[in-house]
Amino acid sequence: MNKENKRAKNNIFLDDRENIVIINPPEDFSFNECLIFLGRSSNEVLHSVVDHSFIKLIKINNEMVFIRVYEENGNLLIEFQNQPSNVEIKLLAANYIWDLFDLDRDLSSFYELAKQDGLLDSLIEKYYGLRLIGIPDLFEALCWAIMGQQINLTFAYTLKRRFTEKYGEQFNWHDDVYFLFPNPDVIAKLEISDLTSLQFTQRKAEYVIGVAKLMSEGKLSKELIMESGDYEEKCKHLISIRGIGNWTADYVLMKCLKEQSAFPIADVGIHNALKIQLGLHKKPTIEEIKELANNWVGWEAYVTFYLWRSLYS
DNA sequence: ATCCAGGAACTGT
DNA sequence: ACAGTTCATGGA
């Protein structure tokens with residue numbers, strides 16, 4: 001069987017090397033910019049960035065798949081550390097990476113729009129090719145948002161690490177241990193005190209377990225949100241859940257559902273980034289941000305992501 | 001020490 | 001609808 005026959009979707013190819021699958025990314029994609037985002041915390045527990053490559057454990061069809069992704073001759077190579085049981089798993093892993101790096105997105109109109117915007121033009125130049133890296137797993141996206149509510153990011157990473165290392169499935173490889181984000185079924189069975197002992201606040205423990213129960217009971221899922229209607233309906237659906245307010249709903253729609261119009265306008269990161277980019281002496285008001293955002297319709301999520309990117313040089 | 005952090009629920013008007 | 005209060009903890 002030749003390579004053409006084994007082609008998965010456009011731009012994903014099997015290689016002669018048994019442990020490699022190749023992704024041919026779009027022109028306006030910068031793996032390096034994405035790595036800078038992915039490597040922003042040394043306390044990240046769910047992946048690592050080492051030596052210009054992205055390393056992550058994922059689970060596909062109930063199978064642990066441990067991959068390293070790196071660039072070679074303008075292509076993205078997915079290198080399987082442990083050999084998957086069949087070709088389908090490999091192609092699904094490539095699809096996962098394709099989606100994680102948002103490679104389906106055609107950024108040309110975003111860049112056109114940004115060139116006309118005095119604030120964005122320098123950002124798209126500096127971070128050209130940066131893609132909105134998502135959180136495909138809804139439970140992870142919700143938990144991460146809840147954990148991050150009203151605390152500094154450093155501590156949020158600590159909470160996520162403790163949570164994951166205690167309740168996530170683990171995989172041992174070459175004397176190291178790697179983790180998957182915990183499953184809602186596991187978290188749904190916990191007591192509040194199980195999480196407050198990890199320094200979750202009482203509230204956050206309640207929220208996370210509550211979300212886990214909803215998902216475990218099948219009352220909440222990515223599919224159910226997608227089916228709940230237009231953006232506003234999806235937002236309402238999420239906000240009806242205890243612990244999820246405007247910010248979290250927008251954040252999750254942006255990072256998990258990949259809604260291009262998602263805009264967590266109350267986010268202090270956005271406020272700080274705008275303050276710096278605009279050279280203001282204090283953070284802009286919501287009204288001022290809304291005014292600016294009139295130019296960003298349809299690309300608010302990308303604007304947000306680029307603004308966040310600007311906060312860690 | 002003091003302020004604040006990738007907010008949200010609750011309460012009172 | 002809207003504003004003020006409470007939650008709770010670590011980082012800078």
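Order of the sequence lines fixes the chain letters, A, B, ..., with proteins taken first and strands second; residue numbering starts at 1 for each chain. Note that this is a predicted model, so its numbers are computed, not measured.
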Could you tell me whether [X] and [Y] make a salt bridge, using a distance below 4.0 angstrom between a side-chain N and a carboxylate O?
{"X": "E112(A)", "Y": "K115(A)", "result": "yes"}
{"X": "R161(A)", "Y": "E44(A)", "result": "no"}
{"X": "D250(A)", "Y": "K234(A)", "result": "no"}
{"X": "K213(A)", "Y": "E206(A)", "result": "no"}

Less than 6.0 angstrom from the centroid, inside 45 degrees of the normal: does R68(A) satisfy that with respect to the ring of Y70(A)?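 Judged by the rule, R68(A) and Y70(A) form a cation-pi pair.
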Could you check how far [atom1] of [X] sits from [atom2] of [N], rounded to whole Å?
{"X": "L238(A)", "N": "dA8(B)", "atom1": "CG", "atom2": "C1'", "answer": "14 Å"}
{"X": "I286(A)", "N": "dC2(C)", "atom1": "CD1", "atom2": "P", "answer": "14 Å"}
{"X": "E300(A)", "N": "dG6(B)", "atom1": "CD", "atom2": "P", "answer": "22 Å"}
{"X": "I270(A)", "N": "dG7(B)", "atom1": "CD1", "atom2": "C1'", "answer": "14 Å"}
{"X": "I289(A)", "N": "dG6(B)", "atom1": "CD1", "atom2": "C1'", "answer": "13 Å"}
{"X": "L153(A)", "N": "dA12(C)", "atom1": "CG", "atom2": "P", "answer": "11 Å"}
{"X": "W247(A)", "N": "dG7(B)", "atom1": "CH2", "atom2": "C1'", "answer": "8 Å"}
{"X": "Y312(A)", "N": "dG6(B)", "atom1": "OH", "atom2": "P", "answer": "12 Å"}

Please find out if less than 6.0 Å separates the ring center of [X] from that of [Y].
{"X": "F181(A)", "Y": "F163(A)", "value": "yes"}
{"X": "F110(A)", "Y": "Y306(A)", "value": "yes"}
{"X": "Y178(A)", "Y": "F66(A)", "value": "yes"}

Nearest-Å distance once atom [atom1] is located in both [N] and [M]:
{"N": "dC7(C)", "M": "dG6(B)", "atom1": "P", "answer": "22 Å"}
{"N": "dA1(B)", "M": "dG10(C)", "atom1": "C1'", "answer": "14 Å"}
{"N": "dA8(B)", "M": "dG11(C)", "atom1": "P", "answer": "22 Å"}

Dot-bracket notation for DNA chain C, counting Watson-Crick and G-U pairs under 3.5 Å, with | for partners on another strand: |||||||.||||
Side-chain donor-acceptor pair under 3.5 Å between W173(A) and N82(A), yes or no? no
For a quick check of understanding: with a heavy-atom distance under 4.0 Å over all strands, which category does [X] fall into, base, sugar-phosphate or nothing?
{"X": "K255(A)", "result": "nothing"}
{"X": "L307(A)", "result": "nothing"}
{"X": "I244(A)", "result": "sugar-phosphate"}

Can you list every pair that meets side-chain hydrogen bond (donor to acceptor under 3.5 Å, both in side chains) and has a residue in residues 182-193 of chain A, with sequence neighbours left out? D185(A)-S216(A)
Pull out every protein N or O sitting under 3.5 Å from an N or O of nucleotides 8-11 of chain C, one pair per line with the distance.
from    : atom 1 : to      : atom 2 : distance (Å)
dA8(C)  : OP1    : R203(A) : N      : 3.2
dG11(C) : O4'    : N152(A) : ND2    : 3.0

With nearest nucleotides of DNA chain B determined for Q149(A) and N272(A) from heavy-atom distances, which residue corresponds to the more 5′ nucleotide?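 Closest to the 5' end, via its nearest nucleotide, is N272(A).
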